[in-house]
Amino acid sequence: AQSVAQPEDQVNVAEGNPLTVKCTYSVSGNPYLFWYVQYPNRGLQFLLKYITGDNLVKGSYGFEAEFNKSQTSFHLKKPSALVSDSALYFCAVGGNMLTFGGGTRLMVKP
Amino acid sequence: DVKVTQSSRYLVKRTGEKVFLECVQDMDHENMFWYRQDPGLGLRLIYFSYDVKMKEKGDIPEGYSVSREKKERFSLILESASTNQTSMYLCASSLDRGDSPLHFGNGTRLTVT
């Protein structure tokens, strides 16, 4: 069975500082990994994915994620946070049957 | 852009009622999904469908059924609503079975009293 862990319920960061939202996964075989973002009262929006190839994946809104096979991690990063990045972030693993983590709320303070 | 439309934003139903949640996508996607979202639990897959008239159980199908009579429409049915089905329900679609990302609707917040 596949699983995803997002160890932090909330991450607080000051605007302009770098941010990291952590994700670890467990899956047999090569993983498909995704990050989604959810703004208030909205559905989830796709940010980026890792299927194969370069371990650093670039996505929407300046976000990127680093795939680390030995640590089974897929952390989401951004060099300089914006207040508008404040949202709920979900990591997911799998193919079409995605398994989602519990979500991490990112709060960016001005 | 893909649009996934869920018919109701908020819904309040009584225990024991039969509840229909409707979802329509406009991009001819093969796959459609129903998830429920609860705080701290993330999204859990209820049912999904790869084609018209076919369905497969997800992780938490108990108490739910689905219908896909047309490619663009995927309905979630609560046969007899219970208070533990109070939740946010999210519909999604995707292009194929591979690594295509999911496109989500804005969700239906269902309260069962």
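For the numbers below, each heavy atom of this structure counts, side chains included, while hydrogens, waters and symmetry mates do not.
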- Query: Quick one: what part of B:Q6 sits under 4.5 Å from any heavy atom of chain A, side chain, backbone, both or neither?
  - Reply: neither
- Hey, any chance A:L47 and A:Y36 share a hydrophobic cluster, counting ILVMFWY side chains that come within less than 4.5 Å of each other, even indirectly? no
- Considering residues, nucleotides and ligands other than B:N84, do more than 12 of their heavy atoms fall under 6.0 Å from its CG? yes
- Do A:V93 and A:F34 share a hydrophobic cluster (ILVMFWY, side-chain heavy atoms under 4.5 Å, transitive)? no
- Query: Honestly curious: do A:W35 and A:Y50 fall in one hydrophobic cluster under the side-chain, below-4.5 Å linking rule?
  - Reply: yes
- Spell out the residues in residues 105-113 of chain B that have some non-hydrogen atom less than 4.5 Å away from a non-hydrogen atom of chain A, in order of number; otherwise answer 'none'. B:G105, B:N106
- Using the side-chain contact (heavy atoms from CB on, under 4.5 Å) rule, pick out the option among B:L41, B:L45, B:L43 that qualifies with A:F100. B:L43
- Treat each ILVMFWY residue as a node, draw an edge where side-chain heavy atoms are under 4.5 Å apart, and state whether B:F33 and A:L98 are in one component. yes
- Query: How many angstroms lie between atom OH of B:Y35 and atom CG of A:L44, to the nearest 0.5 angstrom?
  - Reply: 9.5 Å
- Message: Do B:L78 and B:L11 sit in one hydrophobic cluster, given that two such residues count as connected whenever their side-chain heavy atoms are within less than 4.5 Å of each other, even indirectly?
- Response: yes
- Message: Less than 4.5 Å to any heavy atom of chain B: does that hold for the side chain of A:Q38, its backbone, both, or neither?
- Response: side chain
- Query: Between B:L102 and A:F46, is any pair of side-chain heavy atoms under 4.5 Å apart?
  - Reply: no
- Message: For A:N41, is there any backbone N or O sitting under 3.5 Å from a side-chain donor or acceptor partner on B:R9?
- Response: yes
- Message: Does B:R44 have more than 12 heavy atoms from other residues, nucleotides or ligands lying within 6.0 Å of its CZ?
- Response: yes
- For B:Y10, is it the side chain, the backbone, both, or neither that has a heavy atom closer than 4.5 Å to a heavy atom of chain A? side chain
- With a cut-off of 6.0 Å (strictly less than), are more than 12 heavy atoms of other residues, nucleotides or ligands near NZ of A:K49? yes
